[in-house]
Amino acid sequence: MTRPATPASMTMNKPTTGRTILLLTAVFAAACAPEPENVESAEEVPALREVFDHAFLIGGALNPSQFTGENVPEAELATKHFNTITPENVMKWEVIHPEPGVYDFAPADAFVAFGEERDMFIVGHTLVWHSQVPDWVFQDAAGQPVGRDTLLARMRDHIHTVAGRYEGRVDGWDVVNEALNDDGTLRESPWLRIIGEDYLAKAFEYAHEADPDAELYYNDYSLNNPAKRAGAVRLVRDLQARGLPVTGIGMQAHYTLSRPPLEEIAASIEAFAELGDVMITELDVAVLPRPQEHWGADISRRAELRDELNPFTEAFPDSMQQRLARRYADFFDLFLAHQEDISRVTFWGVTDAASWLNDWPIAGRTSYPLLFDRQNRPKPAFFSVVEAAREDRRQRAGGSQ
Ligand code: GLA
């Protein structure tokens, strides 16, 4: 907490002339870039983890093809750029504990080994969530809902088994994911319905028992939203008041080119910093039109509209590359201005090729939400993020660098 902060308001109003030149240069450089194997030389493409080493950890969510090394170029990208990793799916309940008493640790073991071999900060994701959890967890043999004691026992077994297996190896756990509604009230999940409001406290209690030294987080989306922000503050303050060691709050950060406003994100970072670490945990920027903005009631127009909703199947135009680069620069200016409070920024994926946004909210689209393209090349957004970090370093060094 010793570094001087740049107020967010100053950063957000910074003139953009220098950045515009930078973006044009980056677009030009990308257009002239040699083939992927050459472009990856250390000199031309700095490692994000070095670029941000004065500020916060930087990482990505990995899928099995990356951490088993099957996809060599993407494994190399992750190795070069990240010093923290999160598993995209392999530690979710349905994967790691698919049947009663049946655990499949092989993929999670490979994920943890990948991080250990590279001395990365390893995040476990996620212990208690309403999604990607099998129905049997909440049911008895006859398919009827189980009672509170049974569900608590199952939750305890799961957390002790999973977090216990990786004790001292996984550095921090998303203990509870997405427990809140947008209005800040608790989501009506089976966890809440069957156990009651103290299911969150129990989850943190069991996680702390399983690995007393692990950092423990609450993680959610849309935490910029003022009502949801207030709900998260209430929730975490209440857990901490009960003596539960909640280390911090993860803001998922599935953002778009236009939403949310930077000011809302800043207000949430500042509110959460009062309670502990703040983490940007699932950063990506959706660039495709959202269906609700386009779909009317006339179903006969749907085929035509589908094409409109998937406008960049061949390429991502330069004008869009620049919009994305500017948006990423704005986000990183904001994160860098709050670097005393932010411990980590994690992208949800490595390259555009395997991003979940190719399949959500519509399956089979071609999206461009990350810093690396489908050929593993850095996009203009990559260079704008690098420049944001370098500019931050220069400012903090008093302009002497
Ligand atoms: C949420 C979850 C992640 C992932 C993303 C979308 O944010 O926390 O695990 O499922 O949705 O892929």
Side-chain angles (χ1 to χ4, degrees), residues 59-67 74 78 82 84-98 107-108 111-112 115 122-134 137 158-159 162-163 170 172-182 187 189 191 200 203 207 215-225 228-229 231-232 235-236 248-256 259-260 265 268 272 278-288 290-291 331 344-370:
L62 301 191
N63 66 44
S65 76
Q66 294 151 350
F67 57 73
E74 290 186 15
F82 299 155
T84 176
I85 53 171
T86 303
E88 191 170 350
N89 285 301
V90 300
M91 284 179 164
K92 290 174 179 170
W93 195 310
E94 69 177 8
V95 179
I96 205 167
H97 189 181
F111 163 78
V112 172
I122 300 172
V123 178
H125 174 84
T126 173
L127 294 170
V128 174
W129 190 23
H130 65 276
S131 182
Q132 295 187 257
V133 54
V137 174
H158 178 82
I159 293 177
V162 176
V170 164
W173 278 100
D174 287 338
V175 178
V176 179
N177 200 31
E178 302 180 353
L180 292 168
N181 296 312
D182 282 351
R187 179 192 292 273
S189 70
W191 298 110
L200 288 116
E215 297 192 352
L216 305 179
Y217 318 125
Y218 176 71
N219 191 54
D220 210 331
Y221 63 87
S222 296
L223 288 178
N224 53 282
N225 164 343
K228 199 162 182 177
R229 173 198 309 145
L235 181 77
V236 171
I249 297 181
M251 300 175 65
Q252 289 187 4
H254 295 297
Y255 297 148
T256 79
R259 288 179 299 196
I265 303 171
S268 293
F272 299 157
V278 182
M279 288 143 290
I280 307 298
T281 56
E282 303 186 16
L283 179 61
D284 49 26
V285 179
V287 297
L288 300 180
R290 287 287 161 110
F331 286 136
R344 155 169 74 90
V345 175
T346 298
F347 294 92
W348 202 248
V350 180
T351 79
D352 290 340
S355 166
W356 74 297
L357 289 171
N358 293 309
D359 289 307
W360 188 90
I362 299 175
R365 296 199 293 179
T366 307
S367 194
Y368 300 83
L370 295 166

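Note that ligands are numbered from 1 as they come in the structure, with each ligand's atoms numbered from 1 the same way.
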For Val128, which of Asp174, Val175, Ile159 qualifies under side chain to side chain contact (heavy atoms under 4.5 Å, CB included)?
Ile159

Report yes or no: does a heavy atom of Trp360 sit under 4.0 Å from some atom of ligand 1?
no

Check whether any N or O atom of His125, backbone or side chain, sits under 3.5 Å from an N or O atom of ligand 1, and answer yes or no.
yes

Distance from atom 11 (O) of ligand 1 to nearest protein heavy atom, with residue and atom:
Glu282 OE1, 3.9 Å

Without hydrogens or angle criteria, can the side chains of Arg344 and Thr346 be said to hold a donor-acceptor pair below 3.5 Å?
yes

Below 4.0 angstrom from a heavy atom of Asn177, which ligand 1 atoms are there? Numbered from 1 as shown, please.
2 (C), 8 (O)

So for Thr126 against ligand 1, with non-hydrogen atoms under 4.0 Å, the contacting part is neither

What do you reckon, does His254 have a nitrogen or oxygen under 3.5 Å from a nitrogen or oxygen of ligand 1?
yes

Quick check: does Asn219 get an N/O under 3.5 Å from an N/O on ligand 1?
no

So, the side chain of Lys92 versus the backbone of Ser131: is there a donor-acceptor pair under 3.5 Å, distance only?
no

Out of Lys92, Gln252, Gln132, whose heavy atom sits nearest atom 4 (C) of ligand 1?
Lys92

Taking the ring centre of each residue, are Trp360 and His254 less than 6.0 Å apart?
no

Within the 3.5 Å criterion, strictly below it, is a donor on Asn177 or Gln252 matched to an acceptor on the partner's side chain?
yes

Name the orientation class of the two ring planes belonging to Phe111 and Phe67 (parallel below 30°, tilted from 30 to 60°, perpendicular beyond 60°).
perpendicular

Quick one: does ligand 1 sit under 4.0 Å from the side chain of Tyr221, the backbone, both or neither, non-hydrogen atoms only?
neither

What's the verdict on side-chain contact (heavy atoms from CB on, under 4.5 Å) for Val236 and Ile249, showing C-alpha distance, side-chain angles and the deciding distance?
CA-CA 8 Å; Val236 171; Ile249 297 181; 3.7 Å; yes

